[in-house]
Structures are given as structure tokens and as C-alpha cells.
Amino acid sequence: MRVRRLAAWTALPLAVTLGLAACGSGGGSGSGSSDPNAAVSIQISEPQHLVPSNTTEVSGSQVLAGLFSPLVDYDAQNKPYEVAAQSVTSSDNKVWTIKLKDGFTFHNGEKVTSEDYINAWNYGAYAPNGQGGSYFFEKIAGYQDLQGEKPKAKTMSGLKKVDDLTFTVTLSEPYIDFKTMLGYTSFYPLPEAAFSAPGVLKDSYEQAPIGQGPFKMKGTWQHDAKIDVERYDAYPGEKPKVKGVEFRVYQQLAAAYADVQGDNLDVLGTIPTENLSTAPTDLGDRYQTSPMSSFQFLAFPTFDKNFSNPDVRKAISMAIDRDEITKSIFKGSQKPARSFVSPVLPGYRDNTTGAAGEFNPTEAKKLYQAAGGPSKIVISYNGDGGHKDWVDATANQLKANLGVDVVGSAEPKFADLLTKVEKKQPVGLFRMGWVMDYPSMEDYLGPLYSTNGSSNYYGYSNPEFDKLVKEGSAAKTQDEAIAKYQQAEDILAKDMPVIPLRFGENVFGHSSKVKNVEMDLFQRVNLVKIETAS
């Protein structure tokens with residue numbers, strides 16, 4: 001099981017609009033002159049990895065978004081459009097032909113070819129390489145032959161070179177969203193220089209990744225400190241408006257907030273919870289919001305007998321006053337969630353959890369007692385993500401409304417929490433967050449709840465749910481796919497393997513030294529739009 005784009009920080013959104021938007025409203029007026037020879041600084045947390053097929057969290061993805069150019073990106077309606085690809089076509093949603101735009105080069109001067117994609121994807125899929133994004137290649141024919149301790153093959157049979165700028169991808173079965181999927185980080189190419197031998201990545205590559213995007217590495221990754229990149233002048237796409245970016249690593253958001261207030265940091269992607277109420281005043285027009293795709297929830301270890309009964313899970317959900325916590329802790333900067341799919345997507349329906357998502361302490365206590373819920377509940381969360389306030393508030397509500405002992409328990413890091421869950425160590429309920437990989441309902445359902453889902457940390461399994469997600473993926477039209485996905489979501493509402501809590505929005509700040517600051521649905525700064533402000 002591999003973790004994907006799970007969100008470690010608390011996401012801090014405002015009223016999420018139901019309209020569709022790829023980018024936010026932006027920050028700064030955009031007026032006045034800018035200096036194309038100046039650099040800007042952006043807050044991140046320490047990335048886990050900087051190899052495309054192994055980068056599954058937001059900070060690493062933010063850095064790679066500067067170093068690489070995706071095959072496709074998404075327009076204002078969340079539909080994919082070609083960036084590094086000239087075209088991505090299929091007549092049956094099973095065999096796809098990808099033609100690359102001519103003129104892209106890696107930062108070391110190598111011309112980008114179809115083989116660079118084939119080599120990178122095979123490396124990512126090969127199980128012994130242990131890549132976190134390996135799951136993304138499982139739809140390609142031959143993927144299973146690369147799995148296990150002793151794989152049958154080192155390359156996927158579904159990848160075929162046609163010419164230097166064209167290759168075909170044969171899937172094991174039709175998948176309607178394959179083109180949409182290609183915008184994800186795992187599908188970036190790797191240059192020949194990344195490998196010491198066929199299929200063997202150089203140990204040094206990750207410390208100074210070579211991409212084909214608008215920025216190139218300036219030096220090497222300075223762990224727990226910073227990553228510097230500078231403009232790549234041979235990039236054939238939209239040119240950056242700044243000379244470089246310093247991705248500055250912060251251990252605590254509070255320190256980053258103080259720096260952005262004092263103009264010592266240019267962009268802070270997440271305003272700390274404790275500063276939400278004062279941030280609009282503190283930052284003035286440097287305080288910004290925009291749509292994003294985050295989803296915050298509490299998960300149950302369904303393999304734990306204390307939480308194996310869906311009625312226990314529904315009772316706990318009914319004992320939580322989402323609206324009150326959203327108002328008191330998040331100052332209205334998030335939207336209470338009563339569905340499992342983000343409002344930013346086609347197919348979203350409000351309140352799919354029904355009664356289980358409504359605050360009803362009287363019925364919650366009756367149901368909890370009748371179902372034999374445990375007398376003590378622990379809520380585990382990562383202590384480095386700004387979650388303590390809302391977890392404490394949730395614990396207090398459950399204590400009062402269910403009449404049981406409830407405590408919050410912080411793990412030092414998100415990875416520590418995930419490791420405990422993977423080992424099925426007792427953690428009680430645990431906090432989770434999700435930022436979509438690509439705009440599809442399937443991305444909120446398959447990875448999180450399918451029996452073998454890449455981020456199904458709760459051990460949830462329902463064969464009918466698996467079947468419906470699979471049928472949705474194989475549908476011939478988007479409307480047919482959405483209908484199947486919605487039926488699958490209805491099963492989640494009955495089983496409640498997790499409790500939806502909040503949908504997010506980007507709430508960010510920037511210094512007075514930058515303008516045109518935009519953040520996308522994936523909580524990443526648009527690195528070719530940001531400019532310095534005179």
C-alpha cells in the first residue's frame with residue numbers, strides 16, 4: 001500500500017464555491033513593474049522525495065512543478081489540455097497514443113523523447129524500486145509483471161515507442177480518465193543522465209533532479225533548509241516572470257507566518273489556525289483565498305473490533321458538530337463536509353452521508369450505546385500539522401455528547417502516524433487529509449476506499465463498492481462514469497469507514513514584494529505567474 005497526495009498540514013479554506021476553477025483569484029493587483037531578474041521565496045515543509053514517481057506529498061510536488069512540465073494540465077472547467085504533449089488520443093479508452101511537442105529539452109541539454117517517458121514510467125512501476133507513486137502505473141498492461149519481490153519483467157508490455165516523439169500506452173482495461181491522470185507528478189519523464197544503467201537510478205539524482213520544466217536546480221537539495229531553482233531559459237513553454245525560487249523549509253507554520261508578515265518570506269501557502277482570525281487585518285490585501293481540492297476527515301481502523309460496527313462509526317459522526325468547529329476554530333475558512341467527494345468536481349452531491357452527517361447528540365448517544373461503542377476513544381494526529389485545536393474541540397464534543405473518555409494524541413510527524421497505522425498499532429481514530437491527484441471522482445474513491453486502494457489505511461473493504469468504482473473507470477462516457485461513482489459513494493455513506501469533516505480552500509498570504517500569486521486546486525503556487533512587485 002502506498003501513500004499518495006495526503007495532506008499533512010491543516011488546510012485552511014474559506015467558503016468553497018461550487019463552481020469549477022483551476023486556479024484561484026490570485027494575489028496582488030498585478031499592476032506596476034516587476035523585476036525578471038529577482039528571485040522569490042516560498043514556504044514548504046521538508047519533502048519526502050524529489051523523484052517524480054516517488055513524490056506523493058504537496059511540498060515535493062510543489063518543487064517538481066517548477067522542475068518539470070506535465071503532459072497535460074487542467075483548464076478552468078478541470079478538463080485536461082496538452083502542455084508537454086502535442087496530443088493524447090484513444091478510440092476505445094484502452095489504447096492511447098501520446099505525441100510529444102518538439103523542442104523540449106532537459107536541463108542538461110538532452111532532447112526529450114518518448115523513451116524518456118517509457119524509461120521513467122517503467123522505473124516507477126518496478127516494485128523493487130519502492131516508488132510511492134508506483135500505483136499510478138497499475139492500469140498499464142504488464143504492470144503486474146513488475147510486482148513482487150522477484151518480478152517477472154522489468155518493463156511494462158503496454159508501453160511501446162512509435163518514434164522519438166510518439167509512444168502508445170495500452171491499458172489492461174479501458175479507463176476513461178487516463179488522459180486526465182497524466183497531469184500527475186508520477187508521469188514526468190526522466191533523462192538518460194538520471195540512470196547509471198538501464199532501470200537503475202543514480203543515487204545522486206534526487207539531490208539535484210534534472211527536469212524539462214521552466215526552472216532548473218541551482219545547486220543541490222539543502223535538507224531541512226531550502227531548495228533553490230533558477231529559470232531555465234531554453235524552456236519552450238510559458239516563461240517564468242522571476243529569475244528563481246527559493247523553496248524554504250519551515251518546521252512550524254507560526255515562524256513562516258511571522259516571516260511573511262515581516263516581508264522576509266514571499267509566499268506562505270497555509271495560514272496557521274491560530275492566526276486565521278487576525279490574518280485579514282495582519283496582511284490586508286496580501287491575505288488571499290482560492291478554491292482547492294482538500295478533504296479533511298477522521299478515519300476508523302475498521303480492523304479494530306471497537307470500530308468494526310458501522311453504527312458505532314455513524315454515532316461518532318452524529319456526535320460531532322462540524323458547523324460549530326468550522327466556525328469557532330477555522331473562522332468560517334472551511335466548509336463542513338457531509339460528502340466524500342470534493343465540491344470542485346463534476347458529480348459532487350451535497351450531504352451524501354444523510355443522517356449520519358447531521359449533528360444529533362441525542363440519537364448519537366442512543367446509537368452508540370446500542371452498538372456497544374468503546375468507553376474510551378483516542379484521536380491520533382500529526383503534531384506538526386496544526387491540528388491540535390480542532391482535534392481537542394472534537395474530543396470535547398464527543399466526550400460531552402457520548403459520555404465517554406476522549407483524548408487527542410499527537411504523533412511527531414505525519415509519517416510516524418501512517419507508520420503506526422500500517423503496522424496496525426492502536427491509534428484509535430486518526431486524522432487524515434486528501435488533496436486530489438487529478439480531477440476525477442475516482443481519485444476520491446478508488447485510492448482511499450477500494451480493497452487494495454493505495455491509501456486505504458483503514459482496512460475498509462466492500463466488494464460492491466470495488467465493483468462500482470471499476471465499472472465507473474471503464475465507462476464510455478463521463479456521465480456514465482459519474483453515475484457509477486455516485487452509487488459507490490452511496491455505499492460509503494452506509495458503511496462510514498471515515499467521517500467527512502471539512503472541505504478546504506487555499507487560504508494563503510504573501511509579502512508586499514510579490515504580486516500575481518495564484519494557488520491551484522492542488523495547493524501549489526503557480527510558478528510561471530508569480531512576479532516581483534516594485
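Here the structure is a predicted model, which means the values were calculated and not measured.
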Kindly indicate whether the side chain of S339, heavy atoms from C-beta on, has any atom under 4.5 Å from the side chain of T353. no
Are S90 and D92 close enough that a side-chain donor and a side-chain acceptor fall under 3.5 Å? yes
R502 charged N/C atom sitting above W390 aromatic ring, 6.0 Å / 45°: yes
Please list, chain by chain and in numerical order, all residues satisfying salt bridge (charged side-chain N to carboxylate O under 4.0 Å, His left out) with K179, sequence neighbours excluded. E82
Side-chain contact, heavy-atom cut-off 4.5 Å: D102 with L165? yes
Aromatic ring proximity, centroids under 6.0 angstrom, W434 and F295: no
Taking side chain to side chain contact (heavy atoms under 4.5 Å, CB included) as the test, write out the residues that go with I176, two or more places apart. N93, Q478, A481
Applying salt bridge (Lys or Arg N to Asp or Glu O under 4.0 Å) as the test, list every pair that has at least one member in residues 127-137; sequence neighbours left out. none
T419 and D416 side chains, donor-acceptor separation under 3.5 Å: no
In chain order, what residues pass the ring pair (Phe, Tyr, Trp, His ring centres under 6.0 Å) check against F167, with sequence neighbours excluded? Y117, W121
So which pairs with a foot in residues 349-371 pass ring pair (Phe, Tyr, Trp, His ring centres under 6.0 Å), sequence neighbours left out? none
Set of residues satisfying side chain to side chain contact (heavy atoms under 4.5 Å, CB included) with respect to K420, sequence neighbours excluded: E411, Q425, V427
May I ask you to say whether K79 pairs ionically with D75, meaning some side-chain N is under 4.0 Å from a carboxylate O? no
With sequence neighbours left out, write down each residue that passes side chain to side chain contact (heavy atoms under 4.5 Å, CB included) with N129, or none if nothing qualifies. Y123, Y126, Q131
Hey, are K139 and E173 close enough for a salt bridge, meaning a charged N less than 4.0 Å from a carboxylate O? no
Please examine the side chains of S134 and Y143, heavy atoms only from C-beta on, and report whether any two atoms are closer than 4.5 Å. yes
Give every residue pair that meets the salt bridge (Lys or Arg N to Asp or Glu O under 4.0 Å) criterion with at least one member in residues 348-371, sequence neighbours excluded. R338-E358, R349-E489, R349-D490, E363-K366
Thinking salt bridges, do K484 and E480 make one under a 4.0 Å N-O criterion? no
Report the residues that fulfil ring pair (Phe, Tyr, Trp, His ring centres under 6.0 Å) with F300, sequence neighbours left out, ordered by chain and then residue number. F307
Who pairs with K101 by salt bridge (charged side-chain N to carboxylate O under 4.0 Å, His left out), at least two apart in sequence or on another chain? none
With sequence neighbours excluded, tell me which residues meet salt bridge (charged side-chain N to carboxylate O under 4.0 Å, His left out) with E115. K161
I'd like to check S461 versus Y449 (side-chain heavy atoms, cut-off strictly below 4.5 Å). Are they in contact? no
Tell me every residue that passes side chain to side chain contact (heavy atoms under 4.5 Å, CB included) with P439, counting only those two or more places apart in sequence or in another chain. Y74, N78, T180, L345, M436, F522
